[in-house]
Amino acid sequence: MKRYEKLIKDPIAREEKVLILWENKEIFRKSLDATKGGPRYVFYEGPPTANGRPHFGHLMPRVYKDLFPRYKTMQGFYVARKGGWDTHGLPVELEVEKEIGVNSKPEIEAYGVERFVNRCKESVWRYKAEWERMIERMGFWIDLENAYITYTDDYIESVWWELAQMFRRGFLYQGHKVLPYCPRCGTGLSSHEVAQGYRKVQDPSISVRMRIVSDEGARYKQERPGSTSLLTWTTTPWTLPANVGLAIAVKATYAEVEQNDERLILAKALLDQALEGDYRLVCEIPWEDLVGLSYEPPYRLLDDERAYRVHAAEFVNMEEGTGIVHTAPAFGEDDYQLGQEEGLPFFSPVDVAGAFTEEFPLCAGTFVKEADPVIIEDLKKRGLLYQHTLYEHDYPFCWRCGTPLLYYAMDSWYIRTTAVKDQLIKNNRRINWYPSHVGEGRLGDFLLNLKDWALSRDRYWGTPLNLWTCEGCEKVIAVGSRAELVESARDKELARTVELHRPYIDRVALRCPECGETMRRVPNVIDAWFDSGSMHTAQWHYPFENKEKFKESFPADFICEATDQTRGWFYTLLATSTIIHGEAPFRNCIVTGLGLDADGIKMSTSKGNVIDPWDLINVYGADCLRWYLCASSAPWRSKRLGEADVKGPLYRFLDTLRNTYDFFALYASIDGFDPEDHRVEEERLGILDHWILSRLSATTKAVTEGLDNYDVITATEALEGFLDEVSNWYIRSSRRRFWKGGMEPDKIAAYTTLYQVLVNLVKLVAPFVPFIAEAIYQQLRKSSDPESVHLYGYPQVDEVWINTTLEGEMALTRSIASLGHQARNQAQVKVRQPLSRAIVEVASEAEGCVLSEGVLALVKTELNVAAVEIVSTLQPYFHEVPAPNLRTLGPRLGPLAQQAAEWIRSKTAADAREALASGSVKVEVDGKPVEIKKEDISFQAVLSNGFVLVEEGALRLLLDTNLDETLREKGLVRELVHRIQLLRKEAGFEVTDRIVLGYRADSPLGEVLVRNRETIAAEVLALEVKPTLAGDYELQQKVKIEGNAVVFGLSRTTYPRGT
RNA sequence: GGGUCUGUAGCUCAGGUUGGUUAGAGCGCUCGCCUGAUAAGCGGGAGGUCCCUGGUUCGAGUCCAGGCAGGCCCA
């Protein structure tokens, strides 16, 4: 006979058992094998870096990264899930620097690049085991054995192939541009790295006089030559020595003012803000008039025609400063651009370590940021400083060494992404972003203002830039494969075997195809974001291998990462793919929010506020975390990860699911229900069965539609609602069907239905909470079923079962039940006390106003009323009562008002109306004549005694609480049964145990017990009921009911099973 | 400074369906009920300036404009 075991209550133990099952039976592999011939659903793994510990924030995208592949697999799609590891880049180098205790590039060179790079290679795997352990424990199914690794030669070769394509098509160029640069690390930083290091700082904000030396070539003419200055503004005094020009705002109006014998020119809108003390406005000057003026810079270090003039620019800030901005092309992006446009000389008196050179003797050898006070002091002495305050703003620091970054013009290699800008925008539009504003806003905006991709890094651990330069003719070639390397190499044997990393690859010299001279590799490595962004191609070692695999897995149907990847991986995937393959490499992208700590601050290792996922996994389990992340709010919402929030779903959803199954297991085991033996014809299904099966289909539809639209919340809400309906309505209302003896068709119908509901529910939730789904499935599965729920097909919607009329009826029924409870509450009558009737007014236009006998029976049981009457109006249950209106009676009748009110109250409504037929009536109260007018009486609707009214929306329910003797006795019987059941529980009997019941009772309980002996015996499974306590009982206890006492004795008795 | 998201009950939040009676849920609190599946369930109650200001409208939590606060991305 079939036995259903209860689930293990402890989620941890339960899940660990499931993990063992999956491992032993290789379910993940089988799920892939089983779908191999199916349509492809392509997922790309965004590679994590394993040199840091996984923290809770990493879990958020992972949950969706697992949900959709599982869902699609169950639908029959083949979802290969190749893992991946991101392994290159500055973060890895910095970890190693820390380990070996070095702090600069010269120190690395001294340590030995080879040793250094090898340590990087090891460091990358430091937490690999930890990542794998977490991924496995959370039930994230991904193929880690065949994961792509960005540092392998094969991967690098594919990246080289891409780069060579780009080079040959003119996408790679060497440029001289301003980059954020760390003077201590000696390299430019990627925008990603810069973003990590912004800090609020106070910098000096100064305005400086720059005297006009010539107005030749400008429309503005000086009125007071020699004492007129442009008032300029900067927050980086140290850049003043590099000044080569001034910028004014296009379309702004400027003004000349007189103050203390000098004339100053600045933006009109900023006069009051920028000037100290009184001033006299001399005249307004349109911006065009200032263009071309020559001025005296604070430090004239250049002798160049083009320098020290006024130019117009778009970027000038008109909210702070003076509206005249000092420009140093060497130290600012805007400045550099202006310099390019206007043909300004490029001048930088600063060396690579960030110190002034001899070109600026005042501060030679001083680190630039430390030169600020020296320069300010100097300007002050020379009378050039107008104002000096502090200015608070965000400034980038090197996120590792804390050195302030400099915007620094330097040589580096770029990808001309701007050349494909329109195509990028077009391809981006084809991607379905969830939420859509990522595509339209955040990334879209970035693409509109696209800049070329700064590709090269002056570092060691990364994909080496595959460009070789000829020492003779300066020709540059790109090497697109190892074969090409061997072909051009001087030492072919070396080229055949060399590891493609620095420093090894640097030893490979090529022969110039033009002049035959030696070619050497450029010293750079590339931005690690190019590596991961190339995974669409490089994960397959394409085009050198796996051409088929590449073809069938491009583009991806689905990717998902956190929002910080917008300009990281999402962008680099899109950019490389657009250039190489011409199209977007993914179609759907869910962008998750960030993991926040209990205070709403982003979790990050550097802030030290990360939660160790194990602390939660080991207490609540993987399913609980998965459900919390899926169901609590939309994926892109940031989530606070307080413990209290996370454990919510454990009770609300997972425990309800477990209890629902346990209920089935308890009774199905008692009755030996076996879905393979017990069948039932559809006609035998009850109304509840039809209803819950309809709801099952509707839920399946909602979940499927939700997931198909990448709308997770709609799916989880549908599932939570359905589970509630199963547990709190279907089972609650069906309990008596399961308790009945024997195996009647109705009981089989109930079992069959509940079984079907459970099996399908478990399949529906399997992609979300794979562990509990598996644990229940293992108990439910028939011998012919697949060995895991994850090998089963996802439930299909069967529209035939959807019965919206019935669902409407049942919804109404549940509202009525709810109102009934409310009415009982108000009347203070227990549910155990049977009542004669409830009367429900259903507004005729309300849907489903016709309720079938079947559902009415449910309400009757639920509310314990003998009848439920549905009426179109409750009018007849009210009667009118005349009520005196003291507001009018009082002023008119004075002392007689009270007596007149008495008279009104003493009449019936009908009498009062009749008396008032003519508009007023003269009566005598207290022996005096009094006139009562129409307005003195209002008619109020009053409920008859014993009725309680409750209403909600269009529904009104009247509960008749009048009791007669029969009802009273029925109430007593239920009370007695209830007490005996409690005693059974207290005695520790099993629910199937039969008992002998003895009692000694006073009147009237004794008579009640005698009269209802059969009913009570049946309810409490008593084979014998004896009006005496003679003999031994396992439990004997006195109970009091409404002041009367009865003593019960209970003992188990043997009873043949199965009848 | 730019972009973007968020702001609703003590807490966490309703992809807040097209503007429309009394703004909801869960948790927590509180009172009561029910229990022959339940770490449960049901009902009542307390708890709201829907961030602010202005506009459009017969009517705004919802639409528009401008602010404020916070998060994130970028300068």
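Throughout, a chain's letter reflects where its sequence line sits, starting with A, and its residues are numbered from 1.
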Exercise. So does K6(A) get a side-chain nitrogen or oxygen closer than 4.0 Å to the phosphate oxygens (OP1/OP2) of A37(B)?
Worked result: no

Problem set entry | Electrostatic pair E862(A)-R735(A), nearest N-O below 4.0 angstrom | no

For this session: Select base, sugar-phosphate, or nothing to describe what S632(A) touches, counting heavy atoms under 4.0 Å on all strands.
Result: sugar-phosphate

Please write out the pairs of protein N or O atoms and N or O atoms of nucleotides 4-10 of chain B separated by less than 3.5 Å, giving the distance to one decimal.
none

Problem set entry | Whole-Å distance separating the CD1 atom of I713(A) from the C1' atom of A25(B) | 13 Å

Exercise. How close or far is atom P of U17(B) from atom CD of E705(A), stated in whole angstroms?
Worked result: 19 Å

Problem set entry | Test salt bridge (Lys or Arg N to Asp or Glu O under 4.0 Å) applied to K860(A) - qualifying residues, sequence neighbours left out | none

Problem set entry | Base versus backbone protein contacts along nucleotides 27-34 of chain B [heavy-atom cut-off under 4.0 Å; B, S, -] | -----BSS

Exercise. With respect to the side chain of L666(A), which nucleotide from A37(B), A39(B), G15(B) is positioned closest?
Worked result: A37(B)

For this session: Could you give the distance separating G15(B) and G26(B) at their P atoms, to the nearest angstrom?
Result: 16 Å

Exercise. At under 4.0 Å, does any side-chain N or O of Y667(A) touch on OP1 or OP2 of A37(B)?
Worked result: yes

Exercise. With a cut-off of 6.0 Å (strictly less than), are more than 12 heavy atoms of other residues, nucleotides or ligands near NZ of K747(A)?
Worked result: yes

